[in-house]
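Presented below is the structure to which this report refers.
When a ligand or atom number is given, it counts from 1 through the structure's own listing order. Residue numbers run from 1 in the order of the sequence given.
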Amino acid sequence: MSKITAAITGVSGYAPEYVLTNKELETMVETNDEWITSRTGIKERRILKGEGKGTSHIAVPAVRDLLKKTNTKPEEIDLLICATTTPDMVFPATANLITAEIGAVNAFGYDLQAACSGFLYAVATGSRFIESGQYKKVVVVGADKMSSIIDYTDRTTCIIFGDGGGAVMLEPNTEGYGVLDQVLKSDGSGAPFLHMKAGGSRKPATIDTIQAREHYAYQEGQTVFKFAVKNMADVSAEVMERNNLSSDDVAWLVPHQANKRIIEATANRMGVTSDKVMLNIHKYGNTTSGTIPLCLWEYESQLKKGDNIILAAFGGGFTWGAIYVKWAYDPK
Ligand SMILES: CC(C)(COP(=O)(O)OP(=O)(O)OC[C@H]1O[C@@H](n2cnc3c(N)ncnc32)[C@H](O)[C@@H]1OP(=O)(O)O)[C@@H](O)C(=O)NCCC(=O)NCCS
């Protein structure tokens, strides 16, 4: 019997309506459009507004659209993995809230937390379920409501992040398409440079933690930048070497959208020209688990069956990785 691989058979995305521009940020913190654009490549990001709305309110419309596009009934889904750093609640898993909302009554679901590499880890994990032969339809969601953990008085972080997400469908393939290889890494010694100080079991919420603004993302930008540039480029080059892919063989690089300069450094190291690099950071900023599916969604109409695609990410933890995918379908 031919080997089963996990093919991506559909992709969808969801960007909340509200647009937070650099101009509006100028009214909130001491910054300016020129600084943000030249240092990060970001012009605007989306914010999920509305009382009681969480990450599942980004994921649900994305998954509903995915089901429509792939002609799938909710009850056909076997498993839904939600990569997120901003779950609706500490428990239950956001994946469970999503499956309940869409009526995926036969699916089990769980969340996966790997910061900005979450979507990559979840695609790698979901693929194993497909390869086992036991599961036929696995939905992988990457979504974050970063605005829920961003301090809008801290100009070094609030300019970077935004809300958004997307989803892919994984299904078995025996013709060699889909997720073919991955290099995934993590190093917990990077935790001090990008983390949230309170709200976990080490330091539950108190009036003091709130007053000390410890429920927001804390980042040492320059250190994160240095590790991101080196590590994202290293794993992307490694996955190419392992699969004997030259830069000409690579149709697309799909990089995590954290900073345009990090993306350029990765592309340079791979020898991939800018026309092959998916880029939408100017529109959405860093949506953490959402960046890669949002890119695939926006570029879907340009992807052709057989395209060699490298997904690459770096995030808090530290976590990082690259995945080699052979695209399974032509534009529909
Ligand atoms: C955060 C980041 C954009 C900052 O850019 P940078 O070039 O490293 O800037 P620095 O931190 O060196 O700061 C340079 C100066 O700009 C200032 N500055 C910082 N944020 C600013 C802002 N929003 N507007 C204007 N000035 C700002 C700093 O205070 C500093 O001023 P000083 O020289 O007078 O002290 C950059 O470090 C970065 O992108 N890091 C990686 C972040 C990331 O990818 N995170 C997610 C990981 S998945």
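Neither side chain, T40 nor N259, offers a donor N or O lying under 3.5 Å from an acceptor on the other. Checking N96 against T99 by side-chain atom types alone, no donor-acceptor pair falls below 3.5 Å. For E300 and Y329, the side-chain atoms include at least one donor-acceptor pair closer than 3.5 Å. Checking D208 against T206 by side-chain atom types alone, no donor-acceptor pair falls below 3.5 Å. For the 3.5 Å distance criterion, the side chains of H215 and T209 qualify, holding a donor opposite an acceptor.
Protein residues having a heavy atom under 4.0 Å from any atom of ligand 1 are E30, T31, W35, R39, T40, C116, R155, T156, I159, I160, L194, Q219, G221, Q222, V224, F225, H256, A258, N259, R261, I262, N286, F314, G315, listed by chain and number.
Using bins of under 30°, 30° to 60° and over 60° for the plane-to-plane angle, the ring pair F318/F227 lands in the tilted bin.
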